[in-house]
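Take a look at the structure set out below.
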Amino acid sequence: MAEKMTGAEMVIQALTDQGIEHIFGYPGGAALPIYDAMFQQDFVKHILVRHEQGATHMAEGYARSTGKAGVVLVTSGPGATNAVTGLTDALLDSIPLVCITAQVPTTLIGTDAFQECDTVGITRSCTKHNYLVKDIAELPRIMHEAFRIATTGRPGPVVVDIPKDVQFAVGDYYRPDDASLRHQSYRPQVDGDAKAIEAAVDLMLKAERPIFYTGGGVINAGPEASENLRELAELTGFPVTSTLMGLGAFPASNPQWMGMLGMHGTYEANMAMHDCDVMINIGARFDDRITGRVDAFSPNSTKIHIDIDPSSINKIVRVDLPIVGDCNRVLEEMIRVWRSRTNQPRTEAIAPWWAEIQKWRSVNSLGFKNSDTVIKPQWAIQRLYEATRKQSKDVYITTEVGQHQMWAAQHFHFDKPNHWMTSGGLGTMGYGLPAAVGVQVAHPDALVIDIAGEASVQMTMQELSTAVQYRLPIKVFILNNERMGMVRQWQDLLHGSRYAHSYSESLPDFVKLAEAYGAKGIKCDTPAELDAAIADMLAYDGPVLFDVLVERDENCLPMIPSGKPHNEIILPDTAGIGDIIDEKGKMLV
Amino acid sequence: MNAHLQPTGSAYFLTQETQQIERHTLSVLVDNEPGILARVVGLFSARGYNIESLTVSETEHGRRLSRITVVVTATPRVLVQIKLQLERLVPVHRVHDLTAEGSAIERELALIKVAGTGEHRGETLRLADAFRAHIVDATVESFVFEVTGKPDKIDSFIALMQPLGLVEVVRTGLAAISRGKESL
């Protein structure tokens with residue numbers, strides 16, 4: 001049923017039809033008709049941000065924590081260019097976003113008009129797809145197609161650029177079905193090849209040193225995929241590790257969990273990846289932070305790779321058995337095939353493997369020397385984790401980027417998917433605070449904490465004002481070492497300890513800053529007072545900026561140096577290396 | 001060039017690529033819509049792939065489909081990536097590696113302007129005849145030839161015209177189609 005309305009009304013109607021209750025945006029000249037249409041309805045609620053980058057990260061947090069598309073609305077020119085970082089972030093981490101950018105009227109496009117930029121040109125390489133809508137007749141189809149493309153297959157950001165005259169134009173609104181969408185070329189493959197899945201199970205049934213290496217694809221495939229991963233792990237008895245993006249898909253409290261792998265992953269996860277005989281990669285993409293040196297990556301394993309994106313297959317690491325499909329569908333099918341072959345996990349056959357993993361575990365690679373006088377950042381996260389476990393609320397964690405992010409991944413433990421929001425692929429400092437705002441919008445009763453660093457958090461600090469405006473009680477837990485810790489660490493290890501511009505000078509007083517924004521500020525620099533201060537933070541019904549002054553020069557370990565194989569991992573000096581590695585190996589550690 | 005070609009993937013420990021570079025002709029079937037060419041070309045520049053030749057035109061007006069013929073040079077691993085990355089683009093229907101799938105028919109058209117008087121003109125015409133080049137424009141001081149064929153045939157013809165008064169050349173880029181009754 002077609003209905004006459006303006007382009008601006010169509011945008012709001014399409015959002016309503018897609019069930020989008022919250023959007024994140026910032027008005028401007030070219031976007032005024034859409035804002036006007038939004039003003040005259042109640043379903044779509046708008047969160048006014050302080051900077052468009054904030055809007056994109058909020059939408060990412062919203063999307064990641066709900067599984068739905070996050071929606072951004074910005075104006076032309078600077079509105080669009082400010083959104084580019086968040087769009088790129090969403091592309092690399094496969095987060096479904098629909099970003100509506102207003103554009104100057106079609107008659108002015110190409111004339112260097114006020115607040116004009118080539119939005120589709122600029123965003124072409126940082127979106128899954130983008131559109132410039134030149135004809136009102138195309139708008140309803142494009143709006144709905146944008147959601148379909150953003151949320152299906154490998155999810156990602158989609159930009160819809162709408163000139164102001166198209167927003168004013170009147171046309172017929174309709175809700176297209178999939179068959180009437182223009183791009184019949186877009187057909188993501190969701191069902192894995194049945195023969196390949198059987199072959200995978202056959203390999204798993206013969207495995208003696210197997211490992212599940214899981215990634216963000218399991219999270220993106222929905223909560224059922226995490227359920228199925230748990231079931232398959234239980235059926236097989238195999239150990240499980242995960243990338244940064246996949247944390248929470250498998251419960252950290254499960255004995256089969258080995259911790260995160262990769263550059264700052266646990267010793268047991270990385271050694272098991274190196275020595276395994278069958279690797280089952282589920283929804284991960286062999287990122288360089290995972291593989292280390294590619295030609296020394298897991299040299300003796302048969303590799304199975306499940307991914308919905310065919311271009312991920314053999315991109316970095318050559319695999320033996322690719323399965324293109326949705327992680328959930330493939331996992332369901334693997335479970336069915338496994339059950340048809342056996343009722344037993346391979347407990348006995350892989351007992352020696354587990355014994356080896358146990359030895360690696362006993363190294364305690366996440367160990368650190370605690371202190372009575374200085375707050376160790378790892379310990380601060382452990383105390384935060386313990387405090388949140390006592391909360392009755394659902395707990396969501398976002399992070400910025402750097403050492404604190406890795407420490408959070410190592411020391412905060414996740415038992416549920418969609419509760420961990422971090423910028424993995426792009427590594428965007430400034431992601432965490434706005435992402436926390438987005439999560440809190442989606443889950444108003446939850447406890448949402450941004451584990452931050454003092455350098456990162458200043459990149460998008462202004463969004464604290466958004467949190468205050470909408471009474472979003474986010475907690476910003478700043479591990480303040482007065483350093484860009486990860487940069488300093490690399491300079492320490494690889495650049496002769498020449499600390500070029502990696503320290504934070506002239507830091508604000510975060511307590512006063514919080515108060516200036518109308519939030520609560522807390523500061524703590526004494527280990528003995530930390531628990532009480534965390535309790536204060538959690539008890540406060542409103543946004544909190546918590547400045548935790550931590551050890552300044554702590555290195556984030558373990559670490560596989562860039563370009564090194566997994567078995568050349570640097571361990572903390574607290575590690576009980578014992579007789580597990582030989583003299584030659586010790587030289588490398 | 002491509003970070004992923006290096007086994008270490010790290011700027012701290014560089015190694016050399018060991019795979020041989022190959023030249024392949026890809027045929028890409030796409031929706032003909034604004035920006036599609038920019039999308040395809042942008043993908044090549046963004047990911048550091050090399051384009052040797054590119055030919056684009058709408059080939060099915062009813063369904064608004066265009067065929068892009070692109071000649072690329074890359075290692076076998078990267079060639080597979082190029083195909084898969086192109087197929088990720090929303091308006092791309094199919095990508096065929098015509099070189100990998102067997103000997104495709106490859107043709108190019110060139111327009112070649114040669115100026116000269118006197119005995120050079122006779123020699124120019126004899127060579128043009130040998131290459132089956134057609135005269136599409138003639139003045140008392142110049143010819144424009146149209147020549148079609150494989151790119152190396154056109155290269156040879158241009159090289160022969162060089163001393164005879166070659167003025168300018170324009171080439172269409174490669175069009176390629178597979179042999180036999182199958183279509184893309």
Side-chain angles (χ1 to χ4, degrees), chain A residues 118 120-134 138 145-146 148-150 153-154 156 158 161 181-189 263 286-297 309-318 324 490 493-495 560-565, chain B residues 2-19 28-49 60 63-68 74-95 184:
Chain A
D118 175 14
V120 286
I122 290 168
T123 61
R124 195 173 286 128
S125 61
C126 64
T127 52
K128 184 173 172 185
H129 195 57
N130 63 12
Y131 300 89
L132 170 61
V133 188
K134 284 188 165 171
E138 300 236 282
E145 191 170 286
R148 175 158 174 263
I149 288 172
R154 180 176 176 177
V158 176
D161 196 29
L181 294 173
R182 159 108 170 103
H183 288 116
Q184 296 304 315
S185 49
Y186 179 74
R187 289 177 303 262
Q189 186 180 337
M263 189 172 269
F286 295 108
D287 181 88
D288 57 83
R289 301 288 114 157
I290 297 302
T291 60
R293 191 184 167 102
V294 174
D295 57 1
F297 173 72
D309 178 0
S311 76
S312 287
I313 307 281
N314 290 331
K315 183 170 71 175
I316 313 272
V317 169
R318 184 157 294 281
V324 175
W490 279 55
L493 295 172
L494 296 155
H495 293 269
I560 303 172
S562 162
K564 293 285 187 184
Chain B
N2 296 302
H4 65 266
L5 293 183
Q6 291 155 0
T8 65
S10 165
Y12 290 96
F13 310 98
L14 290 177
T15 50
Q16 291 298 310
E17 171 58 51
T18 51
Q19 281 197 317
V28 188
L29 192 66
V30 300
D31 285 326
N32 183 15
E33 61 181 27
I36 180 61
L37 185 58
R39 251 178 243 289
V40 169
V41 173
L43 186 147
F44 276 78
S45 65
R47 293 188 184 267
Y49 307 145
E60 285 182 56
R63 292 165 63 204
R64 285 168 61 208
L65 292 177
S66 283
R67 191 82 73 98
I68 300 178
T75 61
R77 265 166 62 107
V78 172
L79 280 165
V80 174
Q81 263 297 299
I82 293 175
K83 179 175 184 292
L84 293 171
Q85 292 292 349
L86 282 169
E87 281 174 339
R88 258 178 103 186
L89 298 177
V90 169
V92 169
H93 288 258
R94 280 186 293 285
V95 181
L184 264 193

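Reminder, nothing fancy here: chain letters follow the sequence lines and each chain counts from 1. Atom set for the values below is all heavy atoms of this structure, side chains included, hydrogens, waters and symmetry mates excluded. Everything numeric here is computed off the predicted structure, so don't read it as measured data.
- Residues that satisfy the ring pair (Phe, Tyr, Trp, His ring centres under 6.0 Å) test with Phe44(B), not counting sequence neighbours, are Tyr49(B).
- For a residue to count as touching a neighbouring chain, one of its non-hydrogen atoms must lie under 4.5 Å from one of that chain's; by this rule Asp309(A) touches chain B with the side chain only.
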Let's go through His183(A) and Glu33(B) carefully: what are the C-alpha distance in whole Å and the side-chain angles of both, what is the deciding distance for side chain to side chain donor-acceptor pair (under 3.5 Å) to 0.1 Å, and is it a yes or a no?
CA-CA 10 Å; His183(A) 288 116; Glu33(B) 61 181 27; 2.8 Å; yes
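- For chain A, the option among Leu84(B), Leu43(B), Leu29(B) with the highest count of heavy-atom pairs below 4.5 Å is Leu84(B).
- Here Arg88(B) is the residue among Gln85(B), Arg88(B), Arg94(B) with the most heavy-atom pairs under 4.5 Å with chain A.
- Side-chain contact check for Ile36(B) versus Ser66(B): every heavy-atom pair is 4.5 Å or farther apart.
- Considering only residues two or more places apart in sequence or on other chains, Ile122(A) meets the side-chain contact (heavy atoms from CB on, under 4.5 Å) condition with Thr81(A), Val84(A), Cys117(A).
- In this structure, Leu184(B) and Arg67(B) have side chains that are in contact, with non-hydrogen atoms separated by less than 4.5 Å.
- Heavy-atom distances place both the backbone and the side chain of Val90(B) under 4.5 Å from chain A.
- Ile313(A) touches chain B through its backbone: at least one of N, CA, C or O sits under 4.5 Å from a heavy atom, while the side chain does not.
- Contact count against chain B (heavy-atom pairs under 4.5 Å) is highest for Pro310(A) among Pro310(A), Pro188(A), Gly121(A).
- Interface residue Arg39(B): backbone and side-chain heavy atoms are both found under 4.5 Å from chain A.
- The two residues Arg187(A) and His93(B) make their nearest non-hydrogen contact at NH2-O, 4.5 Å.
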